[in-house]
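As structure tokens, the structure follows; a few thoughts come after it.
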Amino acid sequence: MSVRFEESAPVHLPSACPLDCPDACSLDVTVSDGRVVAIGGSRVNPLTEGYICAKVRRLPEHLYGPSRLLYPGIRTGRKGEGAFRRASWDEALGLVAERLRSASAKRGEAILPFSYGGSNGYLSQDTTDARLFYRLGASRLDRTVCAAATGRAAAGLYGKMTGTAIPDYVHAKLIVVWGMNPAVSGIHLVPQILEARRRGARLVVVDPRRTRLAESADLHLPIHPGTDLAVALAVLNWLFTNGCADRSFLAEHATGAEELERRAAAWTPERAAAEARVPAEDIERLARLYADSSPAVIRCGWGLERNRNGGSAVAAVLALPAVGGKFGVRGGGYTLSNSPAWREIDGLAAAAAQAPATRVVNMNRLGEALAARGSDSVDLLFVYNCNPAVTMPDQQTVWRGLEREDLFTVVFDPVLTDTARYADVVLPAASFVERRELSRGYGALVLQDAAAVVAPAGEARPNHEVFAELCRRTGVARADDPETADALVDALLASSPRAAEIRRDLDARGYAAPEEGAAPVPFVDSFPRTADRRVHLVPEELDRESPHGLYHFRTEPEAIPDAGRFPLALISPASDQTISSSLGELRLERVPLAMHPDDAAQRGLADDDAVRVYNALGEVRCRVRLDAELRTGVVLLPKGLWRHNTEGGTTATSLAPATLTDLGGGACFNDSRVEVAKADPA
Ligand SMILES: Nc1nc2c(c(=O)[nH]1)N[C@H]1C(S)=C(S)[C@@H](COP(=O)(O)OP(=O)(O)OC[C@H]3O[C@@H](n4cnc5c(=O)[nH]c(N)nc54)[C@H](O)[C@@H]3O)O[C@H]1N2
Ligand SMILES: Nc1nc2c(c(=O)[nH]1)N[C@H]1C(S)=C(S)[C@@H](COP(=O)(O)OP(=O)(O)OC[C@H]3O[C@@H](n4cnc5c(=O)[nH]c(N)nc54)[C@H](O)[C@@H]3O)O[C@H]1N2
Ligand SMILES: [Mo]
């Protein structure tokens, strides 16, 4: 071939995916002429096994597509319209710094930094950003939109003990997948489950939907959303009353067993079955299977936390391995989030960021926060790693807030998101392959340090550079602040007592394992991080925090006014085409509401009819797709949709109440209750 071909011969470079997913894939990026042309999985992180999801394989389109932000912009049109004139970084940051400085001088709490799931990378969140906003005395954000209820439950019961490693699932004889859909949301768990089943393991799935995994399971409990607590309490009660509680484990390693037994006592399989709308025999079958199997592992997902009972539900599920005596063997226990395995790395300390005693704003209440006036008002909203116009509950209140003419909004993102359209100043962010990043998985037990593989498109800049520059421009920078990526990575590693060991492993094999190892066995290698190293089955602090006490079951959402008129439970789980709303600029088609054929027939709806999905909070206009995978009484519109995905531009979050979970102040997306009707012909 020609010389030209040789000149542009593609090179393969290693990277790691820091996007919001448990798997933390190691990547093989093909670069040609300074651009990413393809991206696939490598074998550096053993869990990745050389393959990645289809959506991240589309990264080149994200980097170089028409939605990519290439330059800073200053608003010229109406808020929401997305019209900007090109500005230099100097002008844009000058303006932002001036606004930050004057707000900070008057009332720092008028500044609300707003970030969540854009990147699990240490350089992108809770480091230089925290340094800037803390030192300015800004309001602090409680990042509760996801994992708040699960996090509180895991902290209360186990002090966020490191859970069972995903590669150890092959040793299990029973796998319970509870409120998670790994075929979509953490794909590398699936081959582990298949391998375990080849070796004789049984599979139980607890999910309102008959997902592909559920369909293949030995037992599927298609429970009504928000009823996991009832089911888990019934299983606990069954274990206690049938002599299957591991009393010696509980005596040695747990507190609160008697109190838990007392609270579960009223929950017969029949009572739980009536709430969960599944046969009582199936709940009993789950209990019996669980009692009889070892090793038994529970993969607890996030589907069960997103409702009024979410915290107690997760606590009850996490109590199962303690009561059933499932710890202490390889392939037994539970897995929830494994990011706490990396608590040894302290981003805030590394960035010299000390939290001020300013007010804390729950991010699920963004709409309410933006509506507040006077001494509670938010005057400057700084959004990064987040797309709240479509991802936070109570969408119309959020939109009304973003439309405020007296709100100064900065949005910092690689692409022109629906939120960025409301910005006064929009700043182009470098994507993870365009900068160095140190990141850890929250399923996979790995830490990876990835170098940039290409230069940023256009004038995009990495988070850490922009926040460091804003520190300088607002006068809060200090001489010894680590600012460059290299200095930050050094400081992050130095915050761990194992810095040298981690560095050595990163250099030698491309990833490092946490201090408990790559595959710790709970109660052998990893222990509860509670003060007494025991499981607290009814922790006092959780009991106080839950509005009616821990393990109290609330039958219906109290959220939606006039709930009786809205009999359908709307769930909005992860889809395989986006990560929350990330990469949603590449999913352009209209997305339908999925509904069981019986529910559709009752309403005179046929496949592909145009419908209104509505409740007292809002309305979504879209098509309906008949889907027997769903149970009756449940409809589904995936999370993460953008305005372009529905007829009227509203998404599932417009139907989600801004009410909070019983623990942790989490989001109650799956407490959405709706009615569906044929849309009037246009
Ligand atoms: N492809 C892809 N991967 C992702 C994401 C994505 O958007 N797309 N998002 C990432 C993020 S941010 C997260 S938090 C994780 C989430 O990953 P998952 O834990 O899988 O969470 P969800 O997708 O919210 O819901 C999982 C399952 O719970 C079911 N479910 C809904 N309500 C209930 C309930 O009340 N009880 C029970 N038992 N099940 C219920 C849903 O039908 C769904 O199949 O995935 C991450 N990975
Ligand atoms: N209806 C409904 N809505 C939900 C949920 C639900 O169950 N139902 N679940 C929710 C869940 S689990 C979560 S985690 C939240 C997530 O909600 P968000 O935190 O809004 O997460 P994303 O939608 O992924 O948006 C992240 C943004 O960060 C940007 N980004 C990526 N990398 C970088 C970077 O390096 N720098 C900067 N500055 N920006 C970057 C991406 O382009 C993207 O626009 O959504 C929630 N929304
Ligand atoms: Mo999430």
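First listed ligand is number 1; within each ligand, the first listed atom is number 1.
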Worksheet item: In ligand 2, which numbered atoms sit nearer than 4.0 Å to a non-hydrogen atom of A652?
Response: 1 (N)

Worksheet item: How would you list, by chain and number, every residue that makes a side chain to side chain donor-acceptor pair (under 3.5 Å) with D662, sequence neighbours excluded?
Response: S312

Response to the item:
ligand 2 to A430, heavy atom cutoff 4.0 Å, flagged ligand atoms 35 (O)

Item to complete: Go through ligand 2 atom by atom and flag the ones less than 4.0 Å from a non-hydrogen atom of A429.
Response: 36 (N), 37 (C), 38 (N)

Worksheet item: Who are the salt bridge (Lys or Arg N to Asp or Glu O under 4.0 Å) partners of D394, not counting sequence neighbours?
Response: none

Item to complete: Please check if the distance between the ring centroids of Y290 and W178 is under 6.0 Å.
Response: no

Worksheet item: Does ligand 2 have an atom under 4.0 Å from some heavy atom of E437?
Response: no

Discussion item. Using a 4.0 Å cut-off to any heavy atom of G118, which atoms of ligand 2 qualify?
Written reply: 26 (C), 28 (O), 30 (N), 31 (C), 32 (N)

Practice prompt. Could you list which atoms of ligand 2 come closer than 4.0 Å to a heavy atom of F412?
Written response: 37 (C), 38 (N), 39 (N)

Worksheet entry | Charged tip of R461 within 45° of W89 ring normal and under 6.0 Å | yes

Worksheet item: Which pairs with one or both residues in residues 450-459 pass salt bridge (charged side-chain N to carboxylate O under 4.0 Å, His left out), sequence neighbours excluded?
Response: R86-E459

Worksheet item: For T144, does its backbone N or O pair with a side-chain atom of D142 as donor and acceptor, under 3.5 Å?
Response: no

Worksheet item: In Å and rounded to the nearest 0.5 Å, what is the OG1 to CE distance from T419 to M392?
Response: 8.5 Å

Discussion item. Please determine whether a side-chain nitrogen of the Lys or Arg among R643 and D418 lies less than 4.0 Å from a carboxylate oxygen of the Asp or Glu.
Written reply: no

For ligand 1, which of its N or O atoms have a protein N or O partner closer than 3.5 Å, and how long is each gap?
unit_1	atom_1	unit_2	atom_2	d
ligand 1	1 (N)	K55	NZ	3.1
ligand 1	1 (N)	V184	O	2.9
ligand 1	1 (N)	S575	O	3.0
ligand 1	3 (N)	V184	O	3.4
ligand 1	7 (O)	T578	O	3.4
ligand 1	7 (O)	S580	N	2.7
ligand 1	8 (N)	S575	O	3.0
ligand 1	8 (N)	T578	O	2.7
ligand 1	9 (N)	K639	NZ	3.1
ligand 1	17 (O)	S185	OG	3.2
ligand 1	19 (O)	W302	N	2.8
ligand 1	20 (O)	N181	N	2.9
ligand 1	20 (O)	S185	OG	2.7
ligand 1	23 (O)	A574	N	2.8
ligand 1	24 (O)	R306	NE	3.3
ligand 1	24 (O)	R306	NH2	3.3
ligand 1	32 (N)	G303	O	3.3
ligand 1	32 (N)	N670	ND2	3.1
ligand 1	35 (O)	G226	N	2.8
ligand 1	35 (O)	D228	OD1	3.3
ligand 1	36 (N)	D228	OD1	2.7
ligand 1	36 (N)	D228	OD2	3.2
ligand 1	38 (N)	V206	O	3.2
ligand 1	38 (N)	D228	OD2	2.6
ligand 1	42 (O)	D207	OD1	2.8
ligand 1	42 (O)	R209	NE	3.2
ligand 1	44 (O)	D207	OD1	3.4
ligand 1	44 (O)	D207	OD2	2.6
ligand 1	44 (O)	R209	NH2	2.8
ligand 1	47 (N)	S185	O	3.0

Item to complete: Using distance alone, determine whether Y384 and ligand 2 share an N or O pair under 3.5 Å.
Response: no

Worksheet item: Judging by distance only, is a nitrogen or oxygen of T417 under 3.5 angstrom from one on ligand 2?
Response: no

Worksheet, complete the sentence: Tested for side chain to side chain donor-acceptor pair (under 3.5 Å) against N463, the lone hit among N385, D129, T128 is N385

Discussion item. As an exercise, state the distance from CG of L229 to CH2 of W267, rounded to the nearest 0.5 Å.
Written reply: 6.5 Å

Item to complete: Using a 4.0 Å heavy-atom threshold (strictly under), name the region of R435 that reaches ligand 2: side chain, backbone, both or neither.
Response: side chain

Discussion item. Tell me whether ligand 2 is touched by F432 - counting only heavy atoms on the residue side and a distance under 4.0 Å.
Written reply: no

Discussion item. Could you measure the distance from the CG atom of D576 to the CD1 atom of I187? Nearest 0.5 Å is fine.
Written reply: 10.0 Å

